[in-house]
Each structure stands twice: as structure tokens, then as C-alpha cells.
There are 2 protein chains.
Amino acid sequence: MANPMYRQIAEDLRAQIESGRLKPRQQLQTEIELRERYGASRNTVRDAIKLLTTLGLVETRPGQGTFVVSKIDPFVTTLSGDPSQAGVTEGASYLSEVTNRNRVAENSPIQLEIQQAPESIAAGLWIPVGTEVISRHEKRSIDDTPWSMQTSYYPMEFVERGARRLLSSQDISEGTTQYLRESLGIKQVGYRDLITVRAPNVIEVEFFKLPSDGRVSVYEIFQTAFDGNAQPMRLTVTIYPTDRNQFIFEVGQVPAGQYERSADGSSAS
Amino acid sequence: MANPMYRQIAEDLRAQIESGRLKPRQQLQTEIELRERYGASRNTVRDAIKLLTTLGLVETRPGQGTFVVSKIDPFVTTLSGDPSQAGVTEGASYLSEVTNRNRVAENSPIQLEIQQAPESIAAGLWIPVGTEVISRHEKRSIDDTPWSMQTSYYPMEFVERGARRLLSSQDISEGTTQYLRESLGIKQVGYRDLITVRAPNVIEVEFFKLPSDGRVSVYEIFQTAFDGNAQPMRLTVTIYPTDRNQFIFEVGQVPAGQYERSADGSSAS
DNA sequence: GGGTATTTGTCCGTATGTATT
DNA sequence: AAATACATACGGACAAATACC
């Protein structure tokens with residue numbers, strides 16, 4: 001046999017799940033039953049189940065059993081769209097969007113730090129490594145589900161030039177983008193998003209309550225905002241778990257209306 | 001005992017990797033050596049290594065050993081940008097972008113099918129389930145590395161109205177967007193991308209040569225293109241492995257210039 | 001090419017712990 | 001408290017891949 005036994009067992013179970021013979025939320029046979037059914041040892045059955053777990057097809061619950069996963073209703077974030085709102089990422093802007101969908105959003109207090117820019121942040125802001133930057137960090141939840149972690153970095157120079165509220169951990173209700181325009185005359189004219197996916201770190205596993213085996217990865221989105229002189233004025237890094245988030249962006253003329261892809265893979269408008 | 005032993009071993013090794021004491025491409029101690037070092041059984045050490053593998057921190061090579069991963073130089077795809085080029089996804093358009101970066105791109109022949117639209121495709125094209133659609137499927141590689149799999153769906157009605165070349169497996173060199181404009185007067189005025197991440201299926205694992213344990217997930221991007229009547233004219237589904245791909249999109253005025261995030265997490269412009 | 005040592009992969013059986021019902 | 005089910009841990013045996021002589 002080309003394939004080891006635990007893979008064959010996994011393939012068999014996977015076929016049953018994908019064909020719909022095993023439905024979401026349905027319990028699989030116990031490890032003991034599967035051991036007899038496939039004539040394998042319990043450890044081999046467990047290897048098969050572990051593979052399906054990594055693939056996100058099943059989940060195990062101690063004391064209960066192994067179940068076919070039921071996907072989470074995803075939250076959809078629109079990354080582009082109305083250019084006038086473009087890049088308004090901190091503060092209340094996204095709250096209205098969330099509320100529109102009858103969901104309840106919550107923000108943590110803003111955690112403020114002054115750091116020496118490491119390489120990755122310095123490069124995004126076009127400043128030398130080690131330059132002081134302000135970081136404003138915030139955690140967000142929707143319907144009590146941890147949703148995203150966001151950190152925005154601004155050159156320390158902005159404070160010296162008069163934007164002192166950047167150093168306040170108070171929420172800047174009108175948005176930092178507008179605040180910087182009013183206080184310093186720095187106007188954001190565009191931004192660039194870089195989307196990556198990676199495994200979560202320990203902090204992210206804890207906040208998002210992700211399985212500690214790292215099978216759920218996170219989006220990491222670097223947003224660099226530019227002012228009228230084509231200089232970076234802000235770098236925002238946002239983390240979203242991939243198991244509950246999708247992103248939309250639109251180019252050109254696109255009809256309005258939600259486009260949500262539901263849990264079973266189908267769509268609705 | 002808060003943590004089981006295999007997690008403690010994994011955390012210890014993880015700390016060594018993240019602190020740089022174990023560098024990318026460096027070999028870890030063998031399982032036997034780790035067993036003695038931590039006073040655990042070989043299977044327990046293997047559990048720790050399996051965890052690190054799922055987290056993407058190490059990789060094992062039979063007959064050789066276990067090594068700290070060296071990240072792949074990612075390929076960066078710009079999803080928005082020049083509105084005149086917007087949505088030109090099939091054919092030669094992306095080849096120039098690749099060539100500009102001194103990489104060599106290759107496309108498979110287009111695989112053509114006529115299908116009854118399943119729910120997910122019907123919803124994207126606003127047509128009833130079961131309506132006939134044309135699917136044009138293509139696999140793409142860059143520098144001999146499998147890069148993406150793309151399938152575009154068009155209403156069968158387009159062929160009946162005269163766009164017969166949609167049924168040819170020949171590449172439509174000027175791009176299907178332009179072809180539809182010339183042949184039917186259907187003009188694409190915008191599109192919407194929906195970005196999701198999920199585990200790969202068997203076909204994707206094989207084409208992209210992904211590890212069969214499913215620890216590397218894939219982006220699945222649904223692009224719906226709209227014509228001047230705000231009707232969907234095309235649905236394109238593209239799959240990219242998350243371990244070698246990043247996406248950029250820009251809104252407003254953004255200075256030109258590459259923004260690549262290199263393997264170690266730093267950036268360069 | 002062949003043979004051998006090394007290293008990881010698969011599979012088994014068993015015992016005990018922990019979470020849930 | 002007892003039963004059930006998954007989680008952790010151990011030890012052993014053999015297979016498969018690789019490297020080296």
C-alpha cells in the first residue's frame with residue numbers, strides 16, 4: 001500500500017465528511033469504535049483524527065467525542081470602498097459598520113507605548129531603525145468573540161510638532177486621521193495594504209482563544225498611509241484569525257449589497 | 001503541572017528559535033538527543049516537534065533530521081491599482097508583472113468545462129442553480145514553483161450571443177475582458193474581491209506540493225466582475241498557497257515602488 | 001552499485017490523567 | 001461517584017529515506 005494506514009483512515013473519514021454522509025456538528029465514532037472498524041490500534045486512529053483536526057475538518061472535545069466542525073459565521077471586512085472614509089481604521093469608524101449588521105462591537109482601552117522602531121516598523125515608515133515611534137494598540141471583539149488586534153505606529157516627531165493627543169490613551173473619537181489633519185495639517189491621501197498569513201504567536205493564541213496547536217493561522221495586514229507629499233504618516237498592523245474573517249475590496253463601479261459567503265460555502269446577497 | 005511535557009519541550013525549542021539561538025536552516029538535535037536532553041521518551045519529543053511543525057517553525061526530513069524553517073521569498077500580487085487594467089486576470093496581463101521582477105512565469109493550457117452551476121457559483125453570478133456555465137481553468141507557476149490555480153466562470157448565454165471563443169481552450173491573448181467587450185459589447189466597469197483562507201483540498205496539495213498534513217493553508221479569492229448594468233459578468237476563483245504569497249492593494253494616491261517584506265519579517269522598498 | 005549507519009516515519013500495546021456527562 | 005471519551009506518556013519494533021563509505 002502506498003499510503004500508511006492512518007492516512008487511509010483519514011481519507012475514508014474525509015470522504016464521508018465531504019460527501020455529506022457525516023454532517024457538521026455530527027459526532028464521529030469514538031476512538032475505540034474506529035479502532036475496531038478499521039482494525040488499527042487506538043494510536044493509529046488518533047493519528048488519523050489529528051490529521052483531520054489540522055485540516056480543520058473535525059474537532060475533539062475531551063469527555064465528549066470527535067465532531068465534524070461547523071464553520072463560524074464569518075465577519076466580512078471591506079478594505080477599500082468609499083475613498084472619503086479610506087484608512088479610517090482607528091476609533092469609531094468600523095463600529096457603525098458592525099452595528100449595521102446587528103452585531104455588538106467592543107474595543108479595549110488603547111494601550112500606548114513609545115518604542116524605538118525595529119526594522120520592520122522603520123521600513124514601513126521610511127525612518128531609520130531606532131527612531132522613536134508612538135504605538136497605539138487596541139483589541140477588538142464582536143458579539144464577545146475576539147475579532148482583531150491592531151497597533152498603529154506614528155513618528156514621535158508628530159507629537160513634537162503639536163499632535164499631543166497621540167500620547168493620550170483616550171480614544172480619539174474623530175479618528176486620528178482627521179486629528180492629524182486638523183492639528184498638523186497632515187492630510188492622508190491614500191494607503192497601501194499588505195496582506196500576509198502566518199501562524200499565531202502566544203499572545204494571539206490567548207486573546208483569540210485559538211487552539212494551541214496552531215492549526216488556525218492569522219492574517220497580518222500592514223497598512224501604510226501616505227500624506228500629500230507621498231511620505232508615510234502611519235503604519236497600522238492588524239491581526240485577524242483566519243477562521244472567522246474574510247475581506248472584500250472593490251475596484252471601479254460595483255453594485256452595493258452584502259456579499260457574504262455562508263458557513264457551508266454557499267453565498268447569498 | 002500547568003503544561004504537559006511535550007508542550008514544555010516545544011516552548012523551550014520555540015524560544016530558542018525565536019530568540020535566534022537556533023537560526024533558519026539550522027539542524028536541531030536528533031530525536032534521540034532531545035530525548036536524553038529532556039528526559040522524555042522519543043514519542044513525547046516527537047509530539048513536541050509535531051507541534052512546532054504545525055506552527056511552521058521547523059520541518060522534518062526523513063533520513064536527515066529536523067531543521068528550522070527558512071521562509072520562502074514571497075511573491076507579491078497587487079490586487080487593485082491601475083483601474084484600466086483592473087480585473088484583467090486571465091492571460092498575459094500578469095506575466096509582464098512577473099517578468100519585471102526577473103522571474104519566469106508559466107501557464108498550463110486552459111482546461112475548459114461546461115457545468116451546471118452549483119450554489120456557490122450561481123450565487124456569485126446571480127443566476128439560478130443548475131444554469132449552464134463555462135469554466136476556464138488554468139494552473140500557473142513562477143520559476144517552476146507552483147503559484148496559483150484559477151477558474152473563471154461565465155454564463156453559457158455569452159456563447160449563445162456570439163462569444164464563441166470562450167469555448168476555445170486557446171488562450172485569449174487580448175484577455176477575455178476585452179474580448180467580451182469587442183464581441184458582445186459587455187464592458188467590465190468594476191469588480192469585487194472576497195478573500196478567504198482555508199485548508200487545501202487533495203488536488204491543491206498535489207499541485208502546490210504542500211505538506212500533506214494540511215499545515216499550510218490556501219487563500220481562496222472570489223472575484224466577481226460587473227458590467228455597466230451592474231450585473232455580474234464573470235466569477236473568477238483563484239487559489240494561492242499562503243506560504244509563498246502576499247497581496248497588496250492600494251487606495252487613493254500611493255507612491256510607486258515595490259514594498260516587499262522579506263523572509264525574516266523586515267521590509268525593503 | 002551495494003552496504004551500512006543514521007534519522008525520521010509508522011504502528012503497536014499499555015498505563016494513567018483529565019474533562020465531561 | 002461512576003462511566004465515558006479524549007489527552008498524555010512510555011517503551012518497543014520495524015520501515016523508509018538519506019548520507020556516506
Side-chain angles (χ1 to χ4, degrees), chain A residues 1-14 17 22 25-70 205 209-216, chain B residues 1-14 17 22 25-69 205 209-215:
Chain A
M1 280 309 160
N3 264 1
M5 189 185 309
Y6 78 95
R7 279 186 202 282
Q8 293 181 28
I9 297 173
E11 280 170 19
D12 189 54
L13 292 170
R14 180 176 185 159
I17 293 170
L22 286 169
R25 312 189 63 83
Q26 185 175 348
Q27 182 170 9
L28 273 67
Q29 290 173 289
T30 68
E31 294 174 353
I32 307 294
E33 288 166 338
L34 291 172
R35 177 185 63 132
E36 287 157 7
R37 169 170 159 195
Y38 291 106
S41 77
R42 188 181 157 223
N43 279 330
T44 301
V45 167
R46 280 179 59 76
D47 281 344
I49 290 176
K50 174 165 284 183
L51 207 172
L52 296 176
T53 301
T54 306
L55 288 170
L57 294 174
V58 304
E59 62 183 346
T60 57
R61 299 177 208 149
Q64 298 187 52
T66 305
F67 300 83
V68 181
V69 293
S70 68
V205 164
K209 297 183 176 59
L210 298 178
S212 50
D213 60 9
R215 65 177 182 266
V216 175
Chain B
M1 290 296 199
N3 265 0
M5 190 186 306
Y6 79 96
R7 278 185 202 281
Q8 293 180 31
I9 297 173
E11 280 170 20
D12 189 55
L13 291 170
R14 179 176 188 159
I17 293 170
L22 286 169
R25 312 190 63 84
Q26 186 175 347
Q27 181 170 10
L28 273 67
Q29 290 172 289
T30 67
E31 294 174 354
I32 308 293
E33 289 167 337
L34 291 172
R35 177 184 64 129
E36 285 157 8
R37 170 171 157 197
Y38 290 107
S41 77
R42 186 182 157 220
N43 279 327
T44 301
V45 167
R46 281 178 59 76
D47 280 346
I49 290 176
K50 174 164 285 184
L51 207 171
L52 296 176
T53 300
T54 305
L55 288 170
L57 293 174
V58 305
E59 63 183 344
T60 57
R61 300 177 207 150
Q64 297 186 53
T66 305
F67 300 82
V68 181
V69 293
V205 164
K209 296 183 177 60
L210 299 177
S212 50
D213 59 9
R215 64 177 184 267

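Bear in mind the structure is a predicted one, so any value in this text is a computation, not a measurement. All chains are named by letter (A, B, ...) in the order of the sequence lines, taking the proteins before the strands, and each is independently numbered beginning at 1.
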| said: Looking at every heavy atom in both B:Arg25 and B:Phe67, which two are closest together, and how far apart are they? | reply: O-CD2, 3.7 Å

| To the nearest Å, how far apart are A:Arg35 CZ and C:dC11 P? | 16 Å

| message | Below the 4.0 Å mark, does C:dT8 have OP1 or OP2 next to a side-chain nitrogen or oxygen of B:Thr66? | response | yes

| For the residue pair B:Ser212 and A:Arg7, what are the closest heavy atoms and their distance? | OG-NH1, 2.9 Å

| task | For each nucleotide in nucleotides 14-21 of chain D, reading 5' to 3', give B when a protein heavy atom comes within less than 4.0 Å of its base, S when such contact involves only the sugar-phosphate, and - otherwise. | result | ---BSS--

| task | Starting at CG of A:Leu13, measure out to CD1 of A:Ile17 and round the result to the nearest 0.5 Å. | result | 6.5 Å

| Rounded distance (Å) that lies between atom C1' of C:dC11 and atom OH of A:Tyr38 | 17 Å

| task | Provide the closest heavy-atom pair for A:Glu11 versus A:Asn3 in the form atom of the first, atom of the second, distance. | result | OE2-ND2, 2.7 Å

| d(CD, A:Glu59; C1', D:dA5) in whole Å | 15 Å

| query | Between A:Ile9 and A:Ala40, what is the shortest heavy-atom contact and its length? | reply | CD1-CB, 4.0 Å

| field | Length of the line joining A:Met5:CE and C:dG9:P, which is rounded to integer Å | value | 18 Å

| query | Can you tell me the Watson-Crick or wobble partner of D:dA1, both distances under 3.5 angstrom? | reply | none

| field | Shortest side-chain distance from A:Ser41, nucleotide among C:dC12, C:dT7, D:dC10 | value | C:dC12

| query | Between D:dC10 atom C1' and B:Ile32 atom CD1, what is the distance in whole Å? | reply | 14 Å

| Hey, is the main chain of B:Thr66 close enough, under 3.5 Å, to the side chain of B:Glu31 for a donor-acceptor pair? | no

| note | Rounding to 0.5 Å, atoms NZ (B:Lys50) and CG (B:Asn43) come to a distance of 10.0 Å

| query | Rounded to the Å, how far apart are B:Phe67 CZ and C:dT8 C1'? | reply | 11 Å

| Whole-Å distance between D:dA9 C1' and B:Glu31 CD? | 15 Å

| field | Gap between atoms OH and P, on B:Tyr6 and D:dG11 respectively (whole Å) | value | 18 Å

| message | Using the rule given for side-chain contact (heavy atoms from CB on, under 4.5 Å), can you reason through A:Ile49 versus A:Leu34, listing the C-alpha separation, both sets of side-chain angles and the distance that settles it, and then say yes or no? | response | CA-CA 10 Å; A:Ile49 290 176; A:Leu34 291 172; 4.1 Å; yes

| field | Contact under 4.0 Å: B:Thr60 side-chain N or O vs C:dG9 OP1/OP2 | value | yes

| Shortest non-hydrogen separation from A:Gly214 to B:Leu55 and the atoms involved | CA-CD2, 3.5 Å

| request: Within residues 43-52 of chain B, find the residues that approach DNA chain D with a heavy atom at under 4.0 Å, and present them sorted by residue number. | output: B:Asn43, B:Thr44

